[in-house]
Protein chains: 2
Amino acid sequence: MVDEHASVASSEPPGRKQAAILEAATRVFLDNGFRGTSMDVVARAAGVAKQTVYQYFADKERLFAAVVGGAVNVVADPVSAEIGRLGTGDDLAADLRELAVRQLGAVLAPRVLALRRLVIAEAGRFPEHGQAFFAQGPGRTIDGLAARFAELARDGRLRADDPAAAAADFNWLVMAAPINEAMLLGRATFPAADLARIADHAVATFLRAYGPPA
Amino acid sequence: MVDEHASVASSEPPGRKQAAILEAATRVFLDNGFRGTSMDVVARAAGVAKQTVYQYFADKERLFAAVVGGAVNVVADPVSAEIGRLGTGDDLAADLRELAVRQLGAVLAPRVLALRRLVIAEAGRFPEHGQAFFAQGPGRTIDGLAARFAELARDGRLRADDPAAAAADFNWLVMAAPINEAMLLGRATFPAADLARIADHAVATFLRAYGPPA
DNA sequence: CCTACCGATCGGTAGG
DNA sequence: CCTACCGATCGGTAGG
């Protein structure tokens with residue numbers, strides 16, 4: 001009797017194929033949507049047989065969920081750390097501008113825009129993915145801003161009776177225009193100079209509404 | 001010689017079937033997207049044979065273009081007239097609130113939200129539809145607001161060095177949060193009380209930033 | 001003879 | 001793990 005698990009001793013590390021499938025599937029789903037993606041194409045792109053895909057993911061919906069869940073979590077982190085440092089120096093406007101530029105860079109990354117488009121397209125079929133995207137994205141950012149704005153208001157550095165509303169206003173003053181241009185106009189690239197201009201304007205408007213009295 | 005165009009005298013008005021096809025296709029496309037819609041289902045929903053659909057629309061893409069073009073134009077009008085009357089009375093804040101409520105009602109109508117979702121989902125394949133939606137929707141609104149804000153600034157009733165930027169800020173302060181909740185969270189209904197609260201807050205923030213000096 | 005339309009089916013491909 | 005293949009359904013078109 002020869003080894004019935006010969007494949008375990010092969011040069012193939014365990015999990016390598018699963019990672020290849022997820023990576024390929026992410027690319028294909030982001031480009032073609034749920035219905036536009038075939039399991040055959042995913043298998044071919046991953047360099048495995050279709051049957052192998054089904055060994056790791058029971059069906060197309062489960063593969064899609066793994067793709068979106070993974071992509072949403074990769075995207076989630078970058079701003080929350082920045083928010084805690086808002087106004088630790090004495091130039092709050094500069095801190096807000098820097099935060100806005102970072103947020104714009106993260107949210108307008110082509111992969112994140114594609115994920116947003118995908119999640120919006122499938123929000124009817126998979127509402128939980130839209131909710132996860134919102135929670136990890138704008139929801140998390142606005143919550144973090146609200147907490148920090150409340151502290152800044154207590155210190156007299158912002159006029160914000162309703163810190164949560166101020167946080168939402170800041171977030172959308174920064175993000176709404178470019179996100180909508182990206183979603184509807186298909187705009188895919190945002191030069192650094194554009195991001196700086198958008199951030200400057202959003203912060204100026206925000207501070208005219210919420211800045212401390214001169 | 002008998003009439004050789006007897007069918008013209010039938011009880012079927014000309015264009016009646018085309019209208020039924022467009023109406024059915026609009027419903028099916030809005031619910032299921034481009035790839036999720038089959039021509040068989042459209043034909044069935046319209047109560048005609050599939051052959052009849054192909055007599056009016058050469059292929060699926062042409063039918064889709066007719067649907068989106070028609071839906072975008074139906075959606076376009078309602079705010080532009082209102083904008084011209086902004087500040088004709090002496091209570092600019094009240095006028096802005098009323099405009100905001102009307103805009104919210106129009107843009108958050110279930111059919112318009114479904115159209116936005118559809119257009120975003122297919123922006124890769126049909127960029128012209130996203131551009132048409134933007135032009136007829138936010139683009140048109142922001143342009144109209146910019147023109148009126150420029151006049152109001154000249155009269156000293158707004159502090160707006162850059163009326164176009166002020167118009168975009170107003171538009172997104174009003175629309176961004178509910179649109180993003182609708183797109184990502186799948187929120188479909190917005191009670192009148194919610195719209196009033198959103199409008200009140202957006203106008204208050206806008207006037208703190210752009211209102212005339214007290 | 002033209003149109004509008006039907007029932008049935010074409011070649012390919014979907015998820016499984 | 002691959003090839004082959006299923007029931008069904010896709011967009012589009014045949015004959016009558």
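The basis for the numbers below is simple: all heavy atoms, side chains too, and nothing from hydrogens, waters or symmetry mates. It should be emphasised that the depicted structure is a prediction, and the values quoted were computed from it without experimental measurement.
- Take B:Phe206 and apply the ring-ring contact (aromatic ring centres under 6.0 Å, His included) test, not counting sequence neighbours, and it matches B:Phe149, B:Phe170, B:Tyr210.
- Applying a 4.0 Å cut-off to non-hydrogen atoms, none of the residues of residues 61-69 of chain B approaches DNA chain C.
- At a cut-off of 3.5 Å, with distance as the only test, no side-chain donor of A:Asn32 or A:Arg27 sits close to an acceptor on the other residue.
- The pair B:Arg197-B:Asp194 counts as a salt bridge, with a side-chain nitrogen and a carboxylate oxygen less than 4.0 angstrom apart.
- Under the 3.5 Å distance criterion, with hydrogens and angles disregarded, a donor-acceptor pair is assigned to the side chains of A:Thr205 and B:Asp169.
- Counting non-hydrogen atoms of neighbouring residues, nucleotides and ligands closer than 6.0 angstrom, the CD atom of A:Glu151 exceeds 12 such neighbours.
- Counting heavy atoms of neighbouring residues, nucleotides and ligands inside a 6.0 Å radius, atom CZ of B:Arg111 does not exceed 12 of them.
- If you take atom C1' in C:dG16 and the same atom in D:dA4, they sit 13 Å apart, rounded to whole Å.
- When rounded to the nearest whole Å, the span between NZ of A:Lys17 and C1' of D:dC1 equals 7 Å.
- Screening A:Phe34, A:Phe29, A:Phe133 against A:Phe126 for a ring pair (Phe, Tyr, Trp, His ring centres under 6.0 Å) leaves a single residue, A:Phe34.
- Atom-to-atom, CD of A:Gln51 to C1' of D:dC5 comes out at 11 Å; the value is rounded to the nearest Å.
- Taking the centre and axis of the six-membered ring of A:Tyr56, the NZ or CZ atom of A:Lys17 falls outside the cone set by 45° and 6.0 Å.
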request  = Taking Watson-Crick and G-U wobble pairs with both distances under 3.5 Å, convert DNA chain C into its dot-bracket string, 5' to 3', dots for unpaired and | for cross-strand pairs.
outcome  = .....|...||...||
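- D:dG11 atom P lies 4 Å from atom NZ of B:Lys60, rounded to whole Å.
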